[in-house]
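Only one structure is covered here, and it is reproduced in the block below.
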Amino acid sequence: MNQRRTAGVIVLTALAANLAWVLFVGLPQWYGTPPQSAVAAAAPVAPAATGRKIKARLFYVGEDGSTLVGVEQDVLYGEGAVAQAKAIIEAQLAAPAEPWVSAVPPGTTLRALFIARGEAFVDLGGELMRALPGGSLNEMLTIYTLVDALTVNLPAVNAVQLLVEGKEVETLAGHIDLRRPLAQSLALVAEPTGPTDGR
Amino acid sequence: MWSTLVLGLFVLAARHLAGQGGAGALTLVARDGRRSIPIAIVNNREYVALDDLAATFQLAVREESGALTVSYRGRTIVLTPNQALASVAGRLISLPAPTARAGGRWVVPVEFISRALAPIHDSRLDLRAASRLLVVGDLRVPRLTMRYEPVGTGARLTVDATPQTASVVAQESGRMSIRFEADALDVVIPPVQAQGTTAIVQAIRAADPATLAIELGPRFAGFRASTQTVDASTRLVVELLANAATETAAPPPAPPPAGELPTFGGPTATIRTIVIDAGHGGEDEGTKGANGTMEKDVTLAVARRLRAVLENRLGARVVLTREDDRSVPLDERTAAANNNKADVFLSLHANGSIRPATSGASIYVAAFTDADRSAAALAPARVPIFGGGSRDIELVPWNLAQIRHVDRSTELARILEHELETRVPLGARPIEQAPFRVLESANMPAALIEMGYLTNDDQERQLAGAAFQVAFVQAVADAIVRFRDVLSAGSGADR
Ligand SMILES: [Zn+2]
């Protein structure tokens, strides 16, 4: 765990210099704009042409309704941590194949994503809060689907803070504190029981 | 001069608590005096102007290529207009609201001071948002929590000072004063109800930066003051004795009922006050069942039943965070527990799942990350202690107050599980830890109970019905009685 974190810090320190200008000089230009006009690290992850894929573990609601199940899936390759993180989140937000059901409400969009010092900031569209059904379980499953999708697949990400419409939110529906980055939690993740044949 | 400023602060704090949040000022307290920084309200948020901060804290602000760069001794903060993110010495942080333009100036949310400026500034900057106080440098500014309550024919004033702070109580003619060994006080003064000839105390106010003045009423006959140390706080209890007023053959001033005083021996060793939070309310309905049962209604019904049973069985004071169908911000719910000095805080909820089969109750305890724990372990403070000398105490940030109570909260959760399991259906993992916002700043053992799933047909019927509610409430009451016994058996042993 610590080793992984240290590795993440090293990777990020190297990236930090490059990212700095993108985030804080480039930020005003591309932040909140559609990916087509994005620059540098925020470049669109799906330039359809390449089609190169990686394997990533995405998370869906288990049959018992109260756990997440990790499912290995093909995800578009992204050049660099930010592009890869965006590709993973986009894949996680896409409607899953039957019989999987996502805890994240369908139609939730990714507005922007940054990584700095091992912390990823994932900015989601406001439909997330409007469409989320009540109850702390739904809230936790939604949050940890996204937190774990990044922290499990990307060693450069230790913690994830969810933003909505570009802003920090106190909670999604009155329960879990989103005012600071959340670390990975596998407490909700169960062993796969669904129709994966594994390896 | 100082007293006017302090009085101003009290007025602002009182208004803040009343939920009005009008524009005012942040009072900056430093070694060389005080000054105010105007507050502007933008989109219902408190903002301060960047150039006011620049003048106060020797910052240089530059605007270039759409970004605002704030520098201080080679360290920089980069802000982007209309964005709620900032880079602080290369680290990305979030702010509760975006940098904005108001009155022709750049303004930032007040939290900018604690989250962006404090990490790069040489002086310690301690923002006390609730009382709109900004402490600069290593000053002694204890946070005071006060309670004024009638006891028998008299009254009791309880003042908890955190960190530990010595005080001297004196009385001359119609006024009593409590002087603290401090540079300033961070306090919100509670209202005093009785007025006119029935009053023992007419008003409590600030007299100078570190003194509270108590204006005594006609029924005041004398007082007894005592102090004790509770965790990181000093508790001062002033018993105010009443004269017999109109009665002719007046007996000597009646001391407060004997049973009440000894309980001060250890506030954690017994349970005097319980705060119950009925989750959601008002526009926030929470989760909802297929037949229309709403979480906010179930939580309130159970909270009311629980209050009645706990008052009967424990003789405890039970406070609900809401008495009716209204929306209450999460911070106010936790503040109700802290301000009432609750010994136990329970938040009640009902759950929802996208799978209708999911059912059963679960109990949650707050979870903290390694980063939270290291933030909490930062900066032990050296404080004076009674009888001379000083000692180091651990200063836990107010918003992470629950960190110190997680073990006790877990013990409470285990007892709750044990009492609930024979009486209501439990979920697959009955006890879990998660970063529940309402628990994090609770300064006492605290747990959140999800009573069951409204998205499950059977459970929706159960949760709305008396049989389940009575069984649930009995189990929780039994658990609190057991928790009290565990606390009194274990107090002292683990301190
Ligand atoms: Zn709830």
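Please read all numbers here as calculations on a predicted model, not as lab measurements. The chains referred to below are lettered A, B, ... by the order of the sequence lines, with proteins before strands, and numbering in each begins at 1.
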| Arg101(B) atom CZ: more than 12 heavy-atom contacts under 6.0 Å |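 Counting other residues, nucleotides and ligands, CZ of Arg101(B) exceeds 12 neighbours.
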| query | Does atom CD of Glu283(B) have more than 12 heavy-atom neighbours from other groups under 6.0 Å away? | reply |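 No.
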| message | Out of Thr171(A), Val61(A), Thr67(A), return the one with the most heavy atom pairs under 4.5 angstrom to chain B. | response |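 Top count of heavy-atom pairs under 4.5 Å with chain B: Val61(A).
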| Residue-level contacts of residues 446-457 of chain B with chain A, using a heavy-atom cutoff under 4.5 Å |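 The residues closer than 4.5 Å to chain A, in numerical order, are Glu450(B), Tyr453(B).
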Does [Y] offer a backbone N or O that forms a donor-acceptor pair with the side chain of [X] under 3.5 Å?
X         : Y         : value
Arg429(B) : Ser66(A)  : yes
Arg179(A) : Pro96(B)  : no
Asn351(B) : Ser136(A) : yes

Taking all atoms of both residues into account, what is the closest heavy-atom pair of [X] and [Y], and its distance?
X         : Y         : answer
Lys167(A) : Pro98(B)  : CE-CD, 3.7 Å
Ser102(A) : Ile354(B) : O-CD1, 4.3 Å
Gly166(A) : Ala84(B)  : O-CB, 3.8 Å
Gly352(B) : Leu137(A) : O-CB, 3.6 Å
Ser353(B) : Gly65(A)  : OG-O, 3.4 Å

| said: Can you tell me which portion of Leu330(B) sits under 4.5 Å from chain A's heavy atoms? Options are side chain, backbone, both or neither. | reply: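 Side chain of Leu330(B) only, per the 4.5 Å heavy-atom cut-off to chain A.
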| field | Atom group of Ser94(B) that falls short of 4.5 Å from chain A, counting heavy atoms | value |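 Both backbone and side chain.
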| With His280(B), which residues qualify under ring pair (Phe, Tyr, Trp, His ring centres under 6.0 Å), at least two apart? |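 Scan of His280(B) (ring pair (Phe, Tyr, Trp, His ring centres under 6.0 Å), adjacent residues dropped) gives His175(A), His349(B).
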| request: Mind checking the CD1-CD spacing from Ile93(B) to Gln161(A)? Nearest 0.5 Å is all I need. | output: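 One gets 9.5 Å once the value is rounded to the nearest 0.5 Å.
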| said: What's the separation between atom CG in Leu85(B) and atom CG in Leu163(A), rounded to the nearest 0.5 Å? | reply: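 Rounded to the nearest 0.5 Å, the CG-CG separation comes to 5.5 Å.
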| message | Under 4.5 Å from any heavy atom of chain B, what part of Glu170(A) do you find: side chain, backbone, both or neither? | response |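 For Glu170(A), the contact with chain B is made by backbone and side chain together.
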| field | Check ion pair Arg115(B)-Glu168(A) (N to O, under 4.0 angstrom) | value |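 Salt bridge between Arg115(B) and Glu168(A), a charged N being under 4.0 Å from a carboxylate O: yes.
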| query | Is there a side-chain contact between Asp177(A) and Phe436(B) (heavy atoms, below 4.5 Å)? | reply |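 They are not in side-chain contact.
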| said: Applying side chain to side chain contact (heavy atoms under 4.5 Å, CB included) to Thr369(B) and Leu182(A), what does each step give before you reach the verdict? | reply: CA-CA 8 Å; Thr369(B) 63; Leu182(A) 294 172; 5.5 Å; no
| side chain to side chain contact (heavy atoms under 4.5 Å, CB included) between Val101(A) and Arg355(B), intermediate numbers included | CA-CA 10 Å; Val101(A) 177; Arg355(B) 307 244 196 239; 3.9 Å; yes
